[in-house]
Protein chains: 2
Amino acid sequence: MTKIRAGRHGTKKDTIIQKAAALFRIKGFNAASMRELADSMGVEAPSLYNHIGSKSEILQAICFSIAEQFTTHLLWTEQTEMTGLSRLEAVIRFHIRMMLEHYDEVYVANHEWKCLKEPYLGNFLNQRRQYEKRLAAWVETGIRKKEFRVANPYVAVLTFLSALRGLELWLRHKKNFSADELKNDMVNLLLRGLIN
Amino acid sequence: MTKIRAGRHGTKKDTIIQKAAALFRIKGFNAASMRELADSMGVEAPSLYNHIGSKSEILQAICFSIAEQFTTHLLWTEQTEMTGLSRLEAVIRFHIRMMLEHYDEVYVANHEWKCLKEPYLGNFLNQRRQYEKRLAAWVETGIRKKEFRVANPYVAVLTFLSALRGLELWLRHKKNFSADELKNDMVNLLLRGLIN
DNA sequence: CTACAAAACTAACATTTATTAGTTTTTATG
DNA sequence: CATAAAAACTAATAAATGTTAGTTTTGTAG
């Protein structure tokens, strides 16, 4: 009879969620079973229910924790960085940091949100749309100030966010890389372009 | 007793695969059931098995059809376009066209490949890696010819591909847009950068 | 019209799944 | 040590799923 260990910085529920994120990332939410999750902790499946309410609840915890961190950082950046360039640079740096420090959770939030149940699904999508809108407002401001050139701000935002989501591909390839180097490359590429 | 209609340009199996792509895109492969798929065609689930071998087979058909189209186009581009810029531009244009004309299939191939079973999963990933490698070779050549500036060609390729994958976000938003306009925006953004 | 093949149907099965109920073991507190 | 709470266990359930078997209907060719 193994026991679920509470991590140094969290409850046993947090430990379950963390393990679940790793499992969901590898197998996908639907394909990952509670039995597997329990197995990965050396425990029987029903034991998990002493700590969590349901499988769905775990996914909700993952998605909203991540969403909240991104939103919070966006608002913070808005008040600390004033130029479009420095703001977008801050966003890139934060996405890289999140991807490095919370790979599983970020991946799951990006790929398995569709498995959320209402009203959480709608909620999550709303939060994302808000994020995109605020970012688009930055770009629009930058365009007005002649800082950026771009025809459609939404094209820029969606391209930008997609490219950042692609950071996961980078980690998947498991190349050895420095976060700073990666950040510089992406800033140069997205903001200054590929062409010499 | 409804019957499965064979489309003008394909067998009944093709019709099933097309409907399945739409369903898989909306609900995800695992969450979509054969009964739902049958329902969407006004038929009972077992009837599908007169035309297809298994649920997995449908996913395989979708993923490999799309992968093959992209690979074929890449090779074609390599022989018809000679500068790095014109090649990447051709890739952007093709991705946009594929996304417009085969939205469901492209989306499913991008998001549900993890549900493929071996050896198809490994096969699919290999094909993708080859695609990435070939694209990286283009960029490397471009760097050598001083056509591109970029520190790490792989950062460029993965960023590029991620941004293109993000075209789906654009379609999801259902803005009215012209494909040409979109193409021009993305070329400018990715190749010339956001900064003025 | 007949006969054969294609393709639909109904019924059922074997598995897998998340989850609950009830019980026993462990841990912590007095 | 005794007692209570926390957390593990076993057993079981209800629902859903992909798929098969066997049968009936539909469409087509001679």
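Protein chains get the first letters and strands the later ones, always in sequence-line order, with residue 1 at the start of each. Only a predicted model underlies this, so the values are computations on that prediction, with no experimental measurement involved.
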Inset, instruction - Answer yes or no: is there an ion pair linking B/Lys183 with B/Glu89, defined by an N-O contact shorter than 4.0 Å? - result: yes
Legend entry - Ion pair A/Lys145/A/Glu140, N-O distance below 4.0 Å: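 No, this pair does not count.
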Inset, instruction - For A/Ser33 and A/Leu23, work out which heavy atoms get closest and say how close. - result: O-CD2, 4.1 Å
Legend entry - Minimal non-hydrogen separation, B/Ser162 against A/Ala163, with atom names: CB-CA, 3.9 Å
Legend entry - Any residue meeting side chain to side chain contact (heavy atoms under 4.5 Å, CB included) with A/Gln18, in chain and number order, not counting sequence neighbours: A/Glu105
Can you tell me the distance, in whole Å, between the [atom1] atom of [X] and the [atom2] atom of [N]?
X       : N      : atom1 : atom2 : answer
A/Glu36 : C/dT19 : CD    : P     : 15 Å
A/Asp39 : C/dT17 : CG    : P     : 11 Å
A/Glu44 : D/dA12 : CD    : P     : 15 Å
A/Ile58 : C/dT19 : CD1   : C1'   : 13 Å

Inset, instruction - Give a yes/no on whether any side-chain N or O of A/His51 is located under 4.0 angstrom from OP1 or OP2 of D/dA8. - result: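 Result: yes.
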Inset, instruction - Considering just the side-chain nitrogens and oxygens of A/Ser47, establish if one lies under 4.0 Å of OP1 or OP2 belonging to D/dC9. - result: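 It does, given that an N or O in the side chain of A/Ser47 lies less than 4.0 Å from OP1 or OP2 of D/dC9.
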Inset, instruction - Could you list all the side chain to side chain donor-acceptor pair (under 3.5 Å) pairs where at least one residue sits in residues 112-121 of chain B, not counting sequence neighbours? - result: A/Tyr107-B/Lys114
Inset, instruction - Give DNA chain D the dot-bracket treatment, 5' to 3': Watson-Crick (N1-N3 with N6-O4 or O6-N4) or G-U (N1-O2, O6-N3) under 3.5 Å, [ ] crossing, | other strand. - result: ||||||||||||||||||||||||||||||
Legend entry - A/Asn152: side chain to side chain donor-acceptor pair (under 3.5 Å) partners, not counting sequence neighbours: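 Partners of A/Asn152 by the side chain to side chain donor-acceptor pair (under 3.5 Å) criterion come out as none, since no residue qualifies.
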Inset, instruction - Could you tell me whether the side chain of B/Asn50 has a donor or acceptor atom within less than 3.5 Å of a complementary atom in the base of C/dA8? - result: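 Pair found.
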Check nucleotides 18-21 of chain D against the protein and report each pair of N or O atoms closer than 3.5 Å, with its distance, or say if there are none.
unit_1	atom_1	unit_2	atom_2	d
D/dG18	OP1	B/Ala32	O	3.4
D/dG18	OP1	B/Lys55	NZ	2.7
D/dG18	OP2	B/Met34	N	2.9
D/dG18	N7	B/Arg35	NH1	3.0
D/dG18	O6	B/Arg35	NH2	3.1
D/dT19	OP2	B/Tyr49	OH	2.5
D/dT19	OP2	B/Lys55	N	2.9
D/dT19	O5'	B/Tyr49	OH	3.3

Can you give me every donor-acceptor pair (side chain of residues 90-97 of chain A, partner residue at least two apart or in another chain, under 3.5 Å) with its distance?
unit_1	atom_1	unit_2	atom_2	d
A/His95	NE2	A/Tyr131	OH	3.2

